[in-house]
Amino acid sequence: EVQLVESGGGLVQAGGSLRLSCAASGFTFEDYVIGWFRQAPGKGREGVSGISNSDGDTYYADSVKGRFTISSDNAKNTVYLQMNSLKPEDTAVYYCAAARDIILEYGLGYEYEYDYWGQGTQVTVSS
């Protein structure tokens, strides 16, 4: 059974930090790109960051560059998103997803290109 399980969300004050985890199982982790997406209340889902487990390439949306860091532990089949200097506008449900054929040099691709999705974890940043 394929599973992507996010954890690490919570409530934090502006300027604070959180580390999200995405634990994967049921597929060949090293063959996939793991992307982080978020959806704020009343808004569409947007791509935040991604990492290729095959070559280590990474991608960051402009809105999070310099504040968020993505990393992967292939031994644990887990991707992390370290979020620093959090802002109220970072408040959203954060989802991780897995795709095989994304070239991160060109961005995170489209949601339909992702084969598997987690259930999401809430991040709330208070001002």
Side-chain angles (χ1 to χ4, degrees):
E1 179 188 6
V2 171
Q3 279 193 315
L4 287 172
V5 180
E6 303 96 335
S7 61
L11 173 64
V12 64
Q13 288 188 331
S17 298
L18 285 173
R19 188 177 80 155
L20 304 184
S21 299
C22 172
S25 61
F27 60 95
T28 306
F29 188 71
E30 293 80 4
D31 291 346
Y32 282 76
V33 165
I34 302 296
W36 283 99
F37 297 80
R38 66 186 181 186
Q39 187 165 20
K43 295 187 177 180
R45 195 150 52 184
E46 64 168 338
V48 175
S49 182
I51 187 166
S52 168
N53 288 321
S54 61
D55 61 18
D57 280 353
T58 60
Y59 166 85
Y60 297 96
D62 287 343
S63 57
V64 305
K65 276 182 185 175
R67 300 189 298 123
F68 290 12
T69 303
I70 193 168
S71 61
S72 183
D73 185 337
N74 283 11
K76 295 183 178 180
N77 283 9
T78 300
V79 169
Y80 304 98
L81 187 67
Q82 178 67 43
M83 307 187 296
N84 298 330
S85 303
L86 283 162
K87 304 175 182 180
E89 51 262 46
D90 294 318
T91 295
V93 178
Y94 283 70
Y95 302 88
C96 64
R100 289 200 62 158
D101 298 318
I102 302 296
I103 300 175
L104 291 176
E105 178 182 358
Y106 305 123
L108 274 178
Y110 297 99
E111 291 182 30
Y112 69 80
E113 297 179 280
Y114 286 77
D115 300 316
Y116 312 120
W117 289 82
Q119 82 289 349
T121 186
Q122 176 71 48
V123 171
T124 303
V125 184
S126 63
S127 57

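For this chain, numbers begin at 1 and follow the sequence in order.
- Applying the side-chain contact (heavy atoms from CB on, under 4.5 Å) test between Ile70 and each of Tyr60, Tyr80, Tyr59 identifies Tyr60 as the sole match.
- Applying the salt bridge (Lys or Arg N to Asp or Glu O under 4.0 Å) criterion to Glu89, with sequence neighbours excluded, gives no partner residue.
- Ala23 pairs by the side chain to side chain contact (heavy atoms under 4.5 Å, CB included) definition with Thr78, not counting sequence neighbours.
- The OG atom of Ser52 lies 12.0 Å from the CD atom of Glu105; values are rounded to the nearest 0.5 Å.
- For Arg19, there are no salt bridge (Lys or Arg N to Asp or Glu O under 4.0 Å) partners two or more places apart in sequence or in a different chain.
- With a 4.5 Å cut-off on side-chain heavy atoms, Val2 and Trp117 do not count as touching.
- Residue pairs satisfying the salt bridge (Lys or Arg N to Asp or Glu O under 4.0 Å) criterion with at least one member in residues 67-80, sequence neighbours excluded, are listed as follows: Arg67-Asp90.
- Of all non-hydrogen atoms in Ser85 and Ser17, the two that sit nearest each other are N-OG, 4.4 Å.
- Each salt bridge (Lys or Arg N to Asp or Glu O under 4.0 Å) pair with one or both residues in residues 106-126, not counting sequence neighbours, appears once here: Arg45-Glu111.
- Panel note: side chain Glu6, backbone Gln119; a donor-acceptor pair is recorded below 3.5 Å.
- Checking side-chain atoms of Ser54 against main-chain N and O of Asp31 turns up no donor-acceptor pair under 3.5 Å.
- For Tyr106, the ring-ring contact (aromatic ring centres under 6.0 Å, His included) test picks out no residue, with sequence neighbours left out.
- Within the 3.5 Å criterion, the main-chain N or O of Asn53 finds a donor-acceptor partner in the side chain of Asn74.
- Taken from NZ in Lys87 to OG in Ser127, the straight-line distance is 14.0 Å, to the nearest 0.5 Å.
- In this structure Asp101 satisfies the salt bridge (Lys or Arg N to Asp or Glu O under 4.0 Å) test with no other residue, sequence neighbours excluded.
- The disulfide bond (SG atoms under 2.5 Å apart) pairs that include a residue from residues 75-127 are Cys22-Cys96, where partners are two or more places apart or lie in different chains.
- No more than 12 heavy atoms of other residues, nucleotides or ligands sit less than 6.0 Å from atom CD1 of Ile103.
- Val48 and Ile34 fall within a single hydrophobic cluster, where Ile, Leu, Val, Met, Phe, Trp and Tyr side chains are chained together by heavy-atom contacts under 4.5 Å.
- Taking the six-membered ring for Trp and thresholds of 30 and 60 degrees, Phe37 and Tyr114 have ring planes more than 60 degrees apart, a perpendicular arrangement.
- Between Trp36 atom CH2 and Leu20 atom CG the span is 4.5 Å, to the nearest 0.5 Å.
- Residues Val79 and Leu104 do not share a hydrophobic cluster, clusters being chains of Ile/Leu/Val/Met/Phe/Trp/Tyr side chains in contact below 4.5 Å.
- For the atom pair Asp57 CG and Ile102 CD1, the distance stands at 12.5 Å (nearest 0.5 Å).
- Residue pairs meeting the ring pair (Phe, Tyr, Trp, His ring centres under 6.0 Å) criterion with at least one partner in residues 7-30, sequence neighbours excluded, are Phe27-Tyr32, Phe27-Tyr116.
- Residues passing the side chain to side chain contact (heavy atoms under 4.5 Å, CB included) test with Val93 are Tyr95, Gln122, sequence neighbours excluded.
- Legend: residues meeting salt bridge (Lys or Arg N to Asp or Glu O under 4.0 Å) with Glu46, ordered by chain and number and at least two apart, are Arg38.
- For the side chain to side chain contact (heavy atoms under 4.5 Å, CB included) test, residues two or more places apart in sequence or in another chain that qualify with Lys43 are Ala40.
- Interatomic distance, Met83 CE to Ser49 OG, rounded to the nearest 0.5 Å: 11.0 Å.
- Interatomic distance, OG1 of Thr58 versus CD1 of Ile51, reported as 6.5 Å (0.5 Å rounding).
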